[in-house]
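Report on one structure; see the data block that follows.
Letters A, B, ... are given to chains in the order of the sequence lines, protein chains preceding strands, and every chain is numbered from 1. Predicted model only: the values in this text are computed from it and were never measured.
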There are 2 protein chains.
Amino acid sequence: MQLRRGDVLDGAMAILDEYGLGDLTMRKLATSLGVQPGALYWHFPNKQTLLGAMADRILDGVAAPPTAPTWDGALSELAHRFRAALLAHRDGAELVAATYASRLTTARVREAFVAAGLRARLSRAHAELAGYALLHYVLGHTVDEQSRLQLAELGALTRRPVSPDVSTETAAGSDDDLLDGDPAVRFDFGLTLFVDGIRTRLHTGGATSPGPNVTPVQSN
Amino acid sequence: MQLRRGDVLDGAMAILDEYGLGDLTMRKLATSLGVQPGALYWHFPNKQTLLGAMADRILDGVAAPPTAPTWDGALSELAHRFRAALLAHRDGAELVAATYASRLTTARVREAFVAAGLRARLSRAHAELAGYALLHYVLGHTVDEQSRLQLAELGALTRRPVSPDVSTETAAGSDDDLLDGDPAVRFDFGLTLFVDGIRTRLHTGGATSPGPNVTPVQSN
DNA sequence: ACCTGAACACCGTTCAAGT
DNA sequence: ACCTGAACACCGTTCAAGT
(Lines give C-alpha, C1' and ligand atoms only; values in the text may rest on other atoms or scores of the structure.)
Protein backbone atom coordinates (compact mmCIF):
# COMPACT_ATOMS: atom_id res chain seq x y z
CA MET A 1 0.00 0.00 0.00
CA GLN A 2 1.74 3.06 -1.25
CA LEU A 3 1.61 6.46 0.35
CA ARG A 4 -0.44 8.96 -1.56
CA ARG A 5 -0.23 12.72 -1.33
CA GLY A 6 -3.68 12.72 0.20
CA ASP A 7 -2.62 10.28 2.89
CA VAL A 8 0.15 12.60 3.96
CA LEU A 9 -2.33 15.45 4.13
CA ASP A 10 -4.78 13.36 6.15
CA GLY A 11 -2.05 12.34 8.57
CA ALA A 12 -0.96 15.93 8.99
CA MET A 13 -4.53 17.07 9.73
CA ALA A 14 -4.89 14.29 12.28
CA ILE A 15 -1.75 15.38 14.12
CA LEU A 16 -2.87 18.99 13.99
CA ASP A 17 -6.22 18.20 15.54
CA GLU A 18 -4.83 15.93 18.22
CA TYR A 19 -1.54 17.57 19.20
CA GLY A 20 -1.56 21.05 17.69
CA LEU A 21 0.62 22.95 15.27
CA GLY A 22 3.65 22.95 17.56
CA ASP A 23 3.81 19.18 17.54
CA LEU A 24 3.33 18.84 13.82
CA THR A 25 6.85 17.96 12.69
CA MET A 26 7.87 16.17 9.55
CA ARG A 27 9.47 13.47 11.65
CA LYS A 28 6.41 12.85 13.80
CA LEU A 29 4.25 12.86 10.72
CA ALA A 30 6.53 10.31 9.07
CA THR A 31 6.42 8.09 12.14
CA SER A 32 2.64 8.25 12.30
CA LEU A 33 2.53 7.17 8.66
CA GLY A 34 5.02 4.35 9.26
CA VAL A 35 7.57 5.82 6.92
CA GLN A 36 10.97 7.50 6.98
CA PRO A 37 11.06 11.34 7.14
CA GLY A 38 12.66 11.57 3.72
CA ALA A 39 9.69 9.83 2.13
CA LEU A 40 7.51 12.88 2.74
CA TYR A 41 9.68 14.94 0.47
CA TRP A 42 8.67 12.93 -2.50
CA HIS A 43 5.06 14.09 -1.99
CA PHE A 44 5.69 17.65 -0.81
CA PRO A 45 8.77 19.69 -1.66
CA ASN A 46 8.90 21.12 1.86
CA LYS A 47 6.97 21.67 5.05
CA GLN A 48 5.71 25.10 4.04
CA THR A 49 3.94 23.62 1.04
CA LEU A 50 2.33 20.97 3.20
CA LEU A 51 1.08 23.66 5.59
CA GLY A 52 -0.31 25.56 2.63
CA ALA A 53 -2.22 22.50 1.48
CA MET A 54 -3.60 22.09 4.99
CA ALA A 55 -4.76 25.70 5.01
CA ASP A 56 -6.48 25.14 1.68
CA ARG A 57 -8.29 22.17 3.07
CA ILE A 58 -9.37 24.07 6.17
CA LEU A 59 -10.81 26.85 4.04
CA ASP A 60 -12.42 24.56 1.52
CA GLY A 61 -15.96 25.66 0.81
CA VAL A 62 -15.77 28.90 2.74
CA ALA A 63 -15.89 30.98 -0.42
CA ALA A 64 -19.02 29.28 -1.77
CA PRO A 65 -21.78 31.71 -2.79
CA PRO A 66 -23.68 32.93 0.27
CA THR A 67 -27.41 32.27 0.43
CA ALA A 68 -28.41 35.48 2.21
CA PRO A 69 -30.62 37.75 0.10
CA THR A 70 -29.04 41.07 1.17
CA TRP A 71 -25.47 42.24 0.71
CA ASP A 72 -24.96 42.78 4.42
CA GLY A 73 -26.40 39.37 5.15
CA ALA A 74 -24.05 37.86 2.60
CA LEU A 75 -21.08 39.62 4.12
CA SER A 76 -22.01 38.43 7.57
CA GLU A 77 -22.61 34.90 6.34
CA LEU A 78 -19.19 34.74 4.73
CA ALA A 79 -17.46 36.15 7.78
CA HIS A 80 -19.15 33.67 10.07
CA ARG A 81 -18.35 30.80 7.75
CA PHE A 82 -14.74 31.88 7.64
CA ARG A 83 -14.49 32.08 11.42
CA ALA A 84 -16.21 28.72 11.87
CA ALA A 85 -13.81 27.04 9.45
CA LEU A 86 -10.81 28.41 11.34
CA LEU A 87 -12.22 27.28 14.67
CA ALA A 88 -13.04 23.81 13.40
CA HIS A 89 -9.44 22.65 13.73
CA ARG A 90 -6.99 23.04 16.54
CA ASP A 91 -4.69 26.00 15.75
CA GLY A 92 -6.65 26.45 12.53
CA ALA A 93 -6.53 30.23 12.67
CA GLU A 94 -2.83 30.27 13.48
CA LEU A 95 -2.07 27.91 10.62
CA VAL A 96 -4.01 29.96 8.09
CA ALA A 97 -2.45 33.17 9.37
CA ALA A 98 1.04 31.68 9.18
CA THR A 99 0.52 30.36 5.69
CA TYR A 100 -1.32 33.47 4.62
CA ALA A 101 1.54 35.24 2.86
CA SER A 102 1.81 32.46 0.32
CA ARG A 103 -1.88 32.60 -0.28
CA LEU A 104 -4.20 31.30 -3.01
CA THR A 105 -5.89 29.93 -0.01
CA THR A 106 -7.28 33.17 1.22
CA ALA A 107 -7.53 34.72 -2.20
CA ARG A 108 -10.79 32.93 -2.89
CA VAL A 109 -12.23 33.98 0.45
CA ARG A 110 -11.31 37.57 -0.18
CA GLU A 111 -12.92 37.37 -3.60
CA ALA A 112 -16.13 36.17 -2.02
CA PHE A 113 -16.06 39.19 0.29
CA VAL A 114 -15.45 41.38 -2.71
CA ALA A 115 -18.41 39.90 -4.56
CA ALA A 116 -20.64 40.72 -1.60
CA GLY A 117 -19.26 44.26 -1.59
CA LEU A 118 -20.09 44.62 -5.26
CA ARG A 119 -23.62 43.51 -4.53
CA ALA A 120 -23.82 46.41 -2.12
CA ARG A 121 -22.93 48.52 -5.15
CA LEU A 122 -19.58 49.54 -3.83
CA SER A 123 -17.16 50.41 -6.61
CA ARG A 124 -14.80 47.58 -7.51
CA ALA A 125 -11.92 49.42 -5.88
CA HIS A 126 -13.81 49.96 -2.66
CA ALA A 127 -15.12 46.41 -2.65
CA GLU A 128 -11.56 45.12 -2.98
CA LEU A 129 -10.40 47.25 -0.11
CA ALA A 130 -13.34 46.32 2.06
CA GLY A 131 -12.79 42.61 1.39
CA TYR A 132 -9.21 43.01 2.28
CA ALA A 133 -9.99 44.80 5.54
CA LEU A 134 -12.65 42.29 6.47
CA LEU A 135 -10.32 39.38 5.86
CA HIS A 136 -7.78 40.89 8.20
CA TYR A 137 -10.32 41.57 10.86
CA VAL A 138 -11.75 38.04 10.87
CA LEU A 139 -8.35 36.42 10.82
CA GLY A 140 -6.96 38.66 13.56
CA HIS A 141 -9.99 38.17 15.73
CA THR A 142 -10.05 34.43 15.35
CA VAL A 143 -6.35 33.88 15.95
CA ASP A 144 -6.81 35.74 19.20
CA GLU A 145 -10.03 33.96 20.12
CA GLN A 146 -8.51 30.55 19.53
CA SER A 147 -5.32 31.27 21.43
CA ARG A 148 -7.29 32.51 24.43
CA LEU A 149 -9.45 29.45 24.25
CA GLN A 150 -6.45 27.18 24.36
CA LEU A 151 -4.82 29.14 27.14
CA ALA A 152 -8.05 28.78 29.08
CA GLU A 153 -8.15 25.05 28.53
CA LEU A 154 -4.60 24.78 29.70
CA GLY A 155 -5.36 26.94 32.72
CA ALA A 156 -8.40 24.88 33.59
CA LEU A 157 -6.20 21.82 33.86
CA THR A 158 -3.29 23.28 35.77
CA ARG A 159 -4.81 25.91 38.05
CA ARG A 160 -3.59 29.40 37.21
CA PRO A 161 -0.26 28.95 35.51
CA VAL A 162 -1.42 31.80 33.30
CA SER A 163 1.20 33.77 31.38
CA PRO A 164 4.11 31.66 32.62
CA ASP A 165 6.67 33.81 30.87
CA VAL A 166 5.67 37.14 32.31
CA SER A 167 6.69 38.47 35.69
CA THR A 168 4.45 41.49 36.21
CA GLU A 169 0.75 41.00 35.76
CA THR A 170 -1.15 43.03 33.20
CA ALA A 171 -1.92 46.40 34.69
CA ALA A 172 -5.49 46.22 33.46
CA GLY A 173 -7.29 43.58 35.47
CA SER A 174 -10.36 45.75 35.74
CA ASP A 175 -12.21 45.12 32.52
CA ASP A 176 -10.88 41.75 31.51
CA ASP A 177 -14.25 40.19 32.13
CA LEU A 178 -15.50 41.76 28.96
CA LEU A 179 -12.84 40.08 26.90
CA ASP A 180 -13.71 36.83 28.57
CA GLY A 181 -17.30 37.27 27.41
CA ASP A 182 -18.82 35.42 24.51
CA PRO A 183 -16.33 35.66 21.65
CA ALA A 184 -19.18 35.45 19.18
CA VAL A 185 -20.54 38.70 20.58
CA ARG A 186 -17.18 40.40 20.23
CA PHE A 187 -16.90 39.06 16.72
CA ASP A 188 -20.32 40.32 15.72
CA PHE A 189 -19.70 43.74 17.13
CA GLY A 190 -16.59 44.30 15.04
CA LEU A 191 -18.39 42.90 12.04
CA THR A 192 -21.24 45.34 12.55
CA LEU A 193 -18.82 48.25 12.67
CA PHE A 194 -17.56 47.17 9.26
CA VAL A 195 -20.95 46.70 7.75
CA ASP A 196 -22.16 50.04 9.08
CA GLY A 197 -19.01 51.64 7.77
CA ILE A 198 -19.74 50.27 4.34
CA ARG A 199 -23.31 51.49 4.55
CA THR A 200 -22.06 54.97 5.37
CA ARG A 201 -19.75 54.78 2.38
CA LEU A 202 -22.76 54.08 0.19
CA HIS A 203 -24.80 56.95 1.54
CA THR A 204 -22.10 59.60 1.49
CA GLY A 205 -20.79 58.43 -1.82
CA GLY A 206 -17.23 57.99 -0.61
CA ALA A 207 -16.52 61.47 0.67
CA THR A 208 -13.26 60.37 2.28
CA SER A 209 -9.79 59.63 0.99
CA PRO A 210 -9.98 56.83 -1.64
CA GLY A 211 -10.83 58.90 -4.66
CA PRO A 212 -14.05 60.43 -5.93
CA ASN A 213 -16.08 57.49 -7.22
CA VAL A 214 -19.52 58.31 -5.94
CA THR A 215 -22.87 56.90 -7.11
CA PRO A 216 -24.91 56.79 -3.88
CA VAL A 217 -27.33 53.89 -3.67
CA GLN A 218 -29.57 52.57 -0.93
CA SER A 219 -28.73 49.21 0.57
CA ASN A 220 -31.79 47.19 -0.60
CA MET B 1 32.38 44.13 31.06
CA GLN B 2 29.41 42.08 32.08
CA LEU B 3 26.40 41.36 29.98
CA ARG B 4 23.31 43.22 31.06
CA ARG B 5 19.74 42.32 30.28
CA GLY B 6 19.52 45.44 28.16
CA ASP B 7 22.55 44.41 26.12
CA VAL B 8 20.90 41.14 25.24
CA LEU B 9 17.78 43.02 24.17
CA ASP B 10 19.84 45.45 22.08
CA GLY B 11 21.68 42.60 20.40
CA ALA B 12 18.42 40.84 19.64
CA MET B 13 16.93 43.98 18.07
CA ALA B 14 20.05 44.43 15.98
CA ILE B 15 19.80 40.90 14.61
CA LEU B 16 16.09 41.37 13.96
CA ASP B 17 16.66 44.54 11.95
CA GLU B 18 19.56 43.16 9.98
CA TYR B 19 18.63 39.52 9.37
CA GLY B 20 14.97 39.13 10.28
CA LEU B 21 12.99 37.08 12.74
CA GLY B 22 13.86 33.76 11.08
CA ASP B 23 17.55 34.28 11.72
CA LEU B 24 17.11 35.39 15.29
CA THR B 25 18.28 32.31 17.18
CA MET B 26 19.60 32.12 20.69
CA ARG B 27 22.85 30.71 19.36
CA LYS B 28 23.39 33.47 16.82
CA LEU B 29 22.50 36.06 19.39
CA ALA B 30 25.01 34.55 21.83
CA THR B 31 27.73 34.56 19.17
CA SER B 32 27.04 38.18 18.29
CA LEU B 33 27.40 39.05 21.97
CA GLY B 34 30.61 37.03 22.29
CA VAL B 35 29.12 34.66 24.80
CA GLN B 36 27.98 31.04 25.10
CA PRO B 37 24.31 30.26 24.36
CA GLY B 38 23.69 29.19 27.93
CA ALA B 39 24.66 32.64 29.20
CA LEU B 40 21.49 34.13 27.73
CA TYR B 41 19.38 32.00 30.01
CA TRP B 42 20.64 33.80 33.03
CA HIS B 43 19.07 37.02 31.70
CA PHE B 44 15.94 35.60 30.10
CA PRO B 45 14.24 32.37 31.17
CA ASN B 46 13.52 31.44 27.56
CA LYS B 47 13.29 32.73 24.02
CA GLN B 48 9.58 33.51 24.25
CA THR B 49 10.22 35.97 27.06
CA LEU B 50 12.95 37.64 25.08
CA LEU B 51 10.59 38.01 22.10
CA GLY B 52 7.99 39.50 24.42
CA ALA B 53 10.47 42.07 25.67
CA MET B 54 11.30 42.94 22.08
CA ALA B 55 7.64 43.42 21.27
CA ASP B 56 7.31 45.71 24.28
CA ARG B 57 10.20 47.78 23.05
CA ILE B 58 8.76 48.01 19.54
CA LEU B 59 5.45 49.25 20.90
CA ASP B 60 6.98 51.62 23.41
CA GLY B 61 5.24 54.97 23.26
CA VAL B 62 2.50 53.91 20.90
CA ALA B 63 -0.13 54.18 23.61
CA ALA B 64 0.81 57.72 24.60
CA PRO B 65 -2.15 60.15 24.68
CA PRO B 66 -3.02 61.28 21.17
CA THR B 67 -2.89 65.00 20.42
CA ALA B 68 -5.81 65.14 18.00
CA PRO B 69 -8.74 67.22 19.28
CA THR B 70 -11.53 64.94 18.01
CA TRP B 71 -12.22 61.34 18.93
CA ASP B 72 -11.99 60.13 15.35
CA GLY B 73 -8.77 62.03 14.90
CA ALA B 74 -7.44 60.41 18.06
CA LEU B 75 -8.42 56.97 16.88
CA SER B 76 -6.77 57.53 13.54
CA GLU B 77 -3.65 58.93 15.18
CA LEU B 78 -3.30 55.90 17.41
CA ALA B 79 -3.85 53.48 14.56
CA HIS B 80 -1.26 55.20 12.42
CA ARG B 81 1.22 55.29 15.27
CA PHE B 82 0.66 51.60 15.86
CA ARG B 83 1.21 50.73 12.22
CA ALA B 84 4.30 52.94 12.01
CA ALA B 85 5.83 51.27 15.07
CA LEU B 86 5.29 47.83 13.57
CA LEU B 87 6.80 48.88 10.25
CA ALA B 88 9.83 50.50 11.91
CA HIS B 89 11.54 47.14 12.42
CA ARG B 90 12.03 44.24 10.08
CA ASP B 91 9.36 41.62 10.80
CA GLY B 92 8.03 43.94 13.51
CA ALA B 93 4.39 43.12 12.80
CA GLU B 94 5.05 39.40 12.69
CA LEU B 95 6.92 39.54 15.98
CA VAL B 96 4.18 41.46 17.74
CA ALA B 97 1.53 39.17 16.30
CA ALA B 98 3.45 36.07 17.37
CA THR B 99 4.01 37.36 20.86
CA TYR B 100 0.52 38.76 21.06
CA ALA B 101 -1.07 35.95 23.01
CA SER B 102 1.17 36.60 25.97
CA ARG B 103 0.33 40.24 25.83
CA LEU B 104 0.73 43.17 28.27
CA THR B 105 2.44 44.56 25.26
CA THR B 106 -0.69 45.14 23.27
CA ALA B 107 -2.89 45.66 26.29
CA ARG B 108 -1.77 49.27 26.64
CA VAL B 109 -2.36 49.93 22.97
CA ARG B 110 -5.83 48.53 23.19
CA GLU B 111 -6.50 50.67 26.24
CA ALA B 112 -5.52 53.75 24.28
CA PHE B 113 -8.00 52.78 21.59
CA VAL B 114 -10.62 52.27 24.26
CA ALA B 115 -9.95 55.71 25.73
CA ALA B 116 -10.52 57.25 22.31
CA GLY B 117 -13.74 55.29 21.99
CA LEU B 118 -14.91 56.63 25.33
CA ARG B 119 -14.19 60.14 24.13
CA ALA B 120 -16.57 59.41 21.29
CA ARG B 121 -19.11 58.69 24.05
CA LEU B 122 -19.35 55.02 23.26
CA SER B 123 -20.37 52.96 26.25
CA ARG B 124 -17.47 51.33 28.04
CA ALA B 125 -18.51 47.92 26.70
CA HIS B 126 -18.70 49.15 23.14
CA ALA B 127 -15.45 51.06 23.44
CA GLU B 128 -13.74 47.88 24.64
CA LEU B 129 -15.07 45.91 21.73
CA ALA B 130 -14.21 48.61 19.23
CA GLY B 131 -10.66 48.83 20.58
CA TYR B 132 -10.35 45.12 20.33
CA ALA B 133 -11.60 45.05 16.74
CA LEU B 134 -9.38 47.94 15.73
CA LEU B 135 -6.33 46.28 17.22
CA HIS B 136 -6.99 43.17 15.19
CA TYR B 137 -7.52 45.11 12.03
CA VAL B 138 -4.31 47.12 12.31
CA LEU B 139 -2.25 44.11 13.26
CA GLY B 140 -3.69 41.93 10.50
CA HIS B 141 -3.26 44.61 7.92
CA THR B 142 0.30 45.39 8.87
CA VAL B 143 1.47 41.79 9.06
CA ASP B 144 0.21 41.39 5.52
CA GLU B 145 1.63 44.69 4.32
CA GLN B 146 5.06 43.92 5.71
CA SER B 147 5.18 40.39 4.36
CA ARG B 148 4.24 41.60 0.89
CA LEU B 149 6.88 44.28 1.12
CA GLN B 150 9.54 41.74 1.93
CA LEU B 151 8.39 39.36 -0.76
CA ALA B 152 8.62 42.25 -3.20
CA GLU B 153 12.13 43.13 -2.09
CA LEU B 154 13.15 39.53 -2.53
CA GLY B 155 11.51 39.40 -5.93
CA ALA B 156 13.21 42.58 -7.03
CA LEU B 157 16.58 41.01 -6.34
CA THR B 158 16.00 37.61 -7.90
CA ARG B 159 13.72 38.23 -10.87
CA ARG B 160 10.37 36.54 -10.42
CA PRO B 161 10.97 33.66 -8.04
CA VAL B 162 7.60 34.64 -6.60
CA SER B 163 5.68 32.06 -4.60
CA PRO B 164 8.38 29.40 -4.88
CA ASP B 165 6.34 26.86 -2.97
CA VAL B 166 3.22 26.97 -5.07
CA SER B 167 2.72 25.16 -8.35
CA THR B 168 -0.42 26.71 -9.79
CA GLU B 169 -0.58 30.46 -9.97
CA THR B 170 -3.32 32.32 -8.13
CA ALA B 171 -6.46 32.18 -10.24
CA ALA B 172 -7.04 35.88 -9.70
CA GLY B 173 -4.37 37.77 -11.55
CA SER B 174 -6.86 40.34 -12.76
CA ASP B 175 -7.14 42.82 -9.92
CA ASP B 176 -3.86 42.25 -8.14
CA ASP B 177 -2.72 45.71 -9.13
CA LEU B 178 -5.03 47.16 -6.53
CA LEU B 179 -3.39 45.21 -3.76
CA ASP B 180 -0.04 46.39 -5.01
CA GLY B 181 -1.24 49.97 -4.65
CA ASP B 182 -0.23 52.26 -1.84
CA PRO B 183 -0.62 50.27 1.39
CA ALA B 184 -1.30 53.47 3.28
CA VAL B 185 -4.39 53.99 1.14
CA ARG B 186 -5.62 50.49 1.85
CA PHE B 187 -4.95 51.01 5.52
CA ASP B 188 -6.83 54.28 5.65
CA PHE B 189 -9.82 52.84 3.86
CA GLY B 190 -10.30 50.06 6.37
CA LEU B 191 -9.77 52.52 9.16
CA THR B 192 -12.43 54.77 7.75
CA LEU B 193 -14.89 51.90 7.63
CA PHE B 194 -14.30 51.39 11.33
CA VAL B 195 -14.63 55.01 12.27
CA ASP B 196 -17.79 55.38 10.22
CA GLY B 197 -19.14 52.24 11.83
CA ILE B 198 -18.54 53.73 15.25
CA ARG B 199 -20.24 56.95 14.21
CA THR B 200 -23.27 54.99 13.11
CA ARG B 201 -23.30 53.24 16.47
CA LEU B 202 -23.42 56.63 18.19
CA HIS B 203 -26.33 57.91 16.17
CA THR B 204 -28.45 54.80 16.45
CA GLY B 205 -27.84 54.54 20.16
CA GLY B 206 -26.46 51.01 20.15
CA ALA B 207 -29.03 48.78 18.47
CA THR B 208 -26.60 45.89 18.21
CA SER B 209 -25.95 43.11 15.72
CA PRO B 210 -26.69 43.36 12.03
CA GLY B 211 -30.31 44.08 12.87
CA PRO B 212 -32.42 46.63 11.11
CA ASN B 213 -30.63 49.76 12.28
CA VAL B 214 -30.92 51.93 9.26
CA THR B 215 -31.43 55.61 9.97
CA PRO B 216 -29.28 57.12 7.28
CA VAL B 217 -27.19 59.90 8.74
CA GLN B 218 -24.59 62.05 7.12
CA SER B 219 -21.12 61.78 8.56
CA ASN B 220 -20.59 64.89 10.72
C1' DA C 1 8.00 5.73 -9.16
C1' DC C 2 8.56 5.61 -4.47
C1' DC C 3 11.11 4.83 -0.36
C1' DT C 4 15.23 3.75 3.01
C1' DG C 5 19.45 4.87 5.52
C1' DA C 6 22.18 7.89 6.89
C1' DA C 7 23.89 11.94 7.16
C1' DC C 8 24.25 17.49 7.36
C1' DA C 9 23.58 21.54 9.56
C1' DC C 10 21.21 23.28 12.56
C1' DC C 11 17.78 24.33 16.87
C1' DG C 12 16.25 25.63 22.31
C1' DT C 13 17.36 24.41 26.81
C1' DT C 14 19.73 22.46 30.95
C1' DC C 15 23.19 22.16 34.32
C1' DA C 16 27.35 20.88 36.68
C1' DA C 17 31.32 23.28 37.21
C1' DG C 18 34.15 27.26 37.16
C1' DT C 19 35.31 32.36 38.53
C1' DA D 1 26.33 36.75 40.51
C1' DC D 2 27.41 35.52 36.05
C1' DC D 3 29.27 32.52 32.64
C1' DT D 4 31.56 28.19 30.30
C1' DG D 5 31.57 23.49 28.47
C1' DA D 6 29.25 20.09 27.18
C1' DA D 7 25.64 17.67 26.60
C1' DC D 8 20.34 16.30 25.63
C1' DA D 9 16.70 15.90 22.73
C1' DC D 10 15.20 17.44 19.09
C1' DC D 11 14.49 19.90 14.13
C1' DG D 12 13.97 20.31 8.37
C1' DT D 13 16.16 18.76 4.40
C1' DT D 14 19.18 16.14 1.12
C1' DC D 15 20.60 12.32 -1.47
C1' DA D 16 22.88 8.12 -2.80
C1' DA D 17 21.22 3.75 -2.98
C1' DG D 18 17.80 0.33 -3.02
C1' DT D 19 13.26 -1.94 -4.95
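Partners of B/Gln146 under the side chain to side chain donor-acceptor pair (under 3.5 Å) rule, at least two apart in sequence or in another chain, do not exist in this structure. The ring pair (Phe, Tyr, Trp, His ring centres under 6.0 Å) search around B/Phe113 returns none, not counting sequence neighbours. Listed by chain and number, the residues in a ring pair (Phe, Tyr, Trp, His ring centres under 6.0 Å) with B/Phe82 amount to none (sequence neighbours excluded). Partners of B/Asp56 by side-chain contact (heavy atoms from CB on, under 4.5 Å), not counting sequence neighbours, listed by chain and number: B/Leu104, B/Thr105.
Spacing between atom CG of A/Leu40 and atom P of C/dA1 amounts to 19 Å, rounded to whole angstrom units.
In DNA chain C, runs of at least 3 stacked Watson-Crick or G-U pairs (N1-N3 plus N6-O4 or O6-N4, or N1-O2 plus O6-N3, all under 3.5 Å) give these stems: C:4-8 with D:12-16, C:12-16 with D:4-8.
Distance check on atom C1': C/dC8 versus D/dC11 gives 12 Å, rounded to whole Å. Going from the C1' atom of D/dC2 to that of C/dA17 covers 13 Å, rounded to whole Å. Across D/dA9 and C/dA9, the matching P atoms stand 23 Å from one another, rounded to whole Å. Going from the C1' atom of D/dC15 to that of C/dC3 covers 12 Å, rounded to whole Å.
Between C/dC3 and A/Gln36, no contact under 4.0 Å exists linking OP1 or OP2 to a side-chain N or O. OP1 or OP2 of C/dC3 has at least one side-chain nitrogen or oxygen of A/His43 nearer than 4.0 Å.
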For a quick test of your reading: what N or O donor-acceptor pairs under 3.5 Å do the side chains of residues 25-40 of chain A make, sequence neighbours left out?
| from | atom 1 | to | atom 2 | distance (Å) |
| --- | --- | --- | --- | --- |
| A/Thr25 | OG1 | A/Lys28 | N | 3.0 |
| A/Thr31 | OG1 | A/Arg27 | O | 2.9 |
| A/Ser32 | OG | A/Leu29 | O | 2.9 |

For residues 74-81 of chain B, dump all side-chain donor-acceptor pairs below 3.5 Å to protein atoms at least two apart in sequence or in another chain.
| from | atom 1 | to | atom 2 | distance (Å) |
| --- | --- | --- | --- | --- |
| B/Ser76 | OG | B/His80 | ND1 | 3.3 |
| B/Glu77 | OE1 | B/Thr67 | N | 3.0 |
| B/Glu77 | OE1 | B/Ala68 | N | 2.9 |
| B/Glu77 | OE2 | B/Thr67 | N | 3.1 |
| B/Glu77 | OE2 | B/Thr67 | OG1 | 3.3 |
| B/Glu77 | OE2 | B/Arg81 | NH2 | 3.1 |
| B/His80 | ND1 | B/Ser76 | O | 2.9 |
| B/His80 | NE2 | B/Asp188 | OD1 | 2.7 |
| B/Arg81 | NH1 | B/Val62 | O | 2.8 |
| B/Arg81 | NH1 | B/Ala64 | O | 2.6 |

Quick one: what's the B/S/- string for nucleotides 12-19 of chain C, heavy-atom cutoff under 4.0 Å, read 5' to 3'? BBB-----

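Contact check of residues 4-21 of chain A against DNA chain C (heavy atom, cut-off under 4.0 Å) returns no residues at all.
Classification of the B/Tyr137-A/His136 ring pair by plane angle, with boundaries at 30° and 60°, yields tilted. By the 30° and 60° cut-offs, the orientation of the rings of B/His141 relative to B/Phe187 is tilted.
Counting only residues at least two apart or on different chains, no ring-ring contact (aromatic ring centres under 6.0 Å, His included) pair has a member in residues 20-57 of chain A. Sorted by first and then second residue, the salt bridge (charged side-chain N to carboxylate O under 4.0 Å, His left out) pairs involving residues 43-52 of chain B (not counting sequence neighbours) form an empty list. Residue pairs that meet the side-chain hydrogen bond (donor to acceptor under 3.5 Å, both in side chains) test with at least one member in residues 8-23 of chain A, sequence neighbours left out, are A/Asp10-A/Arg57.
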